[in-house]
Novice: 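Sharing a structure here in structure tokens format.
Order of listing sets the numbers, starting from 1, for every ligand and every atom in it.
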Amino acid sequence: MHTERFAPSPNGRLHLGHAFSAMLAHDAARAAGGRFLLRLEDIDRSRARPEFERAIEEDLAWLGLQWETPVLRQSARGAAYAAALETLRARGLLYPCACTRKDILAALDAPQEGGPDGPVYPGTCRHSPPDPALPHALRLDMAAAVEALGGARALADLTFEELDRGPQGETGTQPLCADWLIGACGDVVLARKDGAAAYHLAVVVDDAFQEATHVTRGRDLFPATPIHRLLQALLGLPTPLYRHHRLIRDAAGRRLAKRDRDAGLHELREAGVTPSEIRARVGLP
Ligand code: GLU
């Protein structure tokens with residue numbers, strides 16, 4: 001059954017960009033007679049706040065959206081993430097990394113543009129394992145992951161379907177590219193130093209758990225999707241269809257951020273804007 005999820009991080013209030021994402025997913029699920037699910041990505045315990053969780057649900061309800069309960073919270077999913085990490089570890093695809101951001105920047109030969117997660121990790125701890133007593137993250141050995149899936153040629157047969165568009169107009173069937181994964185993404189973090197699962201791992205495990213058939217999210221996340229497709233292949237999880245929608249921008253053309261108060265749903269509601277005006281503002285019927 002067509003199943004969509006909206007997966008906000010409760011570390012701030014929702015703005016017009018979130019409303020657009022949630023309404024697109026909700027409309028698509030309703031049109032297909034399918035399901036609309038909410039997932040609170042509260043994995044970053046230092047930033048997630050219960051008052052933002054309540055505010056998110058309040059704003060979504062005000063928009064007229066309905067979702068199934070109970071709501072999935074990533075903070076309750078530690079065991080599932082640990083099992084997925086163990087699968088990858090047993091295949092020899094993870095290694096501990098004690099580097100700080102500063103260490104990583106210092107180890108880079110030249111400033112880089114960076115991939116979906118910023119500067120590509122130079123592999124310091126892959127070459128020389130850190131003292132196990134130090135707090136460490138777990139990284140995916142990307143080159144080993146490509147090999148585990150049969151090498152660069154076999155990887156090109158792994159695809160995902162883009163129902164909208166990527167930032168360069170990419171649409172339709174998107175094959176994975178080993179060079180890009182190794183060169184532009186590199187050894188991404190899958191478990192953080194505080195022990196929590198990192199975004200890429202949690203999102204893949206939870207999309208499968210929630211049986212999401214469709215992932216509707218902002219175009220800024222398009223570059224993360226090949227990483228998610230790779231993890232699905234490694235973990236034996238199904239691949240949903242992806243729709244990376246255009247980003248909602250402010251009057252100056254900048255992407256909305258949580259600090260943009262004038263685009264906040266709460267502020268707009270207080271100012272007397274109606275849910276149907278919100279729909280019109282983001283270009284939805
Ligand atoms: N929690 C992510 C965010 O708020 C959403 C990730 C996703 O939809 O995959 O940006």
Side-chain angles (χ1 to χ4, degrees), residues 3-29 35-49 52-53 55-57 59-60 63 65 67 71-77 80-81 84 116-118 160-167 174 185 188-190 192 196-232 235 237-249 255-260 263-265 282:
T3 302
E4 299 262 357
R5 90 306 190 265
F6 176 59
S9 308
N11 50 26
R13 300 203 62 140
L14 301 184
H15 55 56
L16 283 173
H18 297 110
F20 181 53
S21 230
M23 291 188 297
L24 267 183
H26 186 266
D27 289 1
R35 305 171 66 201
F36 178 67
L37 309 174
L38 180 61
R39 176 166 83 229
L40 293 169
E41 300 214 322
D42 58 349
I43 209 150
D44 186 346
R45 303 306 291 157
S46 63
R47 295 176 68 212
R49 300 260 181 281
F52 290 135
E53 292 189 9
I56 285 171
E57 297 205 25
D59 287 342
L60 293 176
L63 286 173
L65 309 192
W67 56 91
V71 167
L72 190 69
R73 280 189 170 64
Q74 289 194 323
S75 53
R77 299 272 300 144
Y81 306 144
D117 287 0
F160 67 89
E161 291 299 318
E162 175 59 55
L163 301 180
D164 192 324
R165 245 160 259 293
Q174 305 295 311
C185 302
V188 293
V189 170
L190 295 186
R192 299 154 23 130
Y199 165 68
H200 299 305
L201 184 88
V203 80
V204 159
V205 170
D206 287 343
D207 284 342
F209 178 72
Q210 291 191 294
E211 299 179 346
T213 58
H214 290 70
V215 167
T216 297
R217 60 188 177 193
R219 198 158 287 162
D220 52 329
L221 285 169
F222 179 86
T225 304
I227 302 172
H228 300 174
R229 180 66 187 91
L230 178 98
L231 289 172
Q232 286 154 4
L235 294 168
L237 301 175
T239 301
L241 302 171
Y242 288 90
R243 181 156 42 140
H244 293 98
H245 59 71
R246 66 186 159 81
L247 299 177
I248 303 297
R249 298 183 184 276
R255 238 179 88 188
L256 295 180
K258 294 206 160 119
R259 61 181 178 278
D260 291 323
L265 295 184
V282 295

Novice: Taking T3's backbone N and O only, do any of them form a donor-acceptor pair with T213's side chain (distance below 3.5 Å, no angle check)?
Specialist: yes
Novice: Hey, are R5 and E41 close enough for a salt bridge, meaning a charged N less than 4.0 Å from a carboxylate O?
Specialist: no
Novice: Do D164 and R219 meet the salt-bridge criterion of a basic N to acidic O distance under 4.0 Å?
Specialist: yes
Novice: Test of understanding: with ring-ring contact (aromatic ring centres under 6.0 Å, His included), list the residues that count as partners of H214, not counting sequence neighbours.
Specialist: H2
Novice: Does an N or O from V215, backbone or side chain, lie closer than 3.5 Å to an N or O of ligand 1?
Specialist: no
Novice: Would a line drawn from the ring center of H244 to the ring center of Y242 be shorter than 6.0 Å?
Specialist: yes
Novice: Check ligand 1 against E41 and write out every atom of the ligand that is under 4.0 Å from a heavy-atom position of the residue.
Specialist: 1 (N), 2 (C), 5 (C), 6 (C)
Novice: May I ask you to list the atoms of ligand 1 that are less than 4.0 angstrom from any heavy atom of V203?
Specialist: 9 (O)
Novice: Just to check, does H18 reach to within less than 4.0 Å of ligand 1 when the distance is taken from its heavy atoms?
Specialist: no
Novice: Which atoms from ligand 1 have a heavy atom of Y199 less than 4.0 Å away?
Specialist: 6 (C), 7 (C), 9 (O)
Novice: Pull out every atom of ligand 1 sitting under 4.0 Å from any heavy atom of R217, numbered as shown with elements.
Specialist: 7 (C), 8 (O), 9 (O)
Novice: Any N or O on S9 sitting closer than 3.5 Å to an N or O of ligand 1?
Specialist: yes
Novice: Going by the rule side chain to side chain contact (heavy atoms under 4.5 Å, CB included), which residues pair with D220 if we only count those two or more places apart in sequence or in a different chain?
Specialist: L247, R255
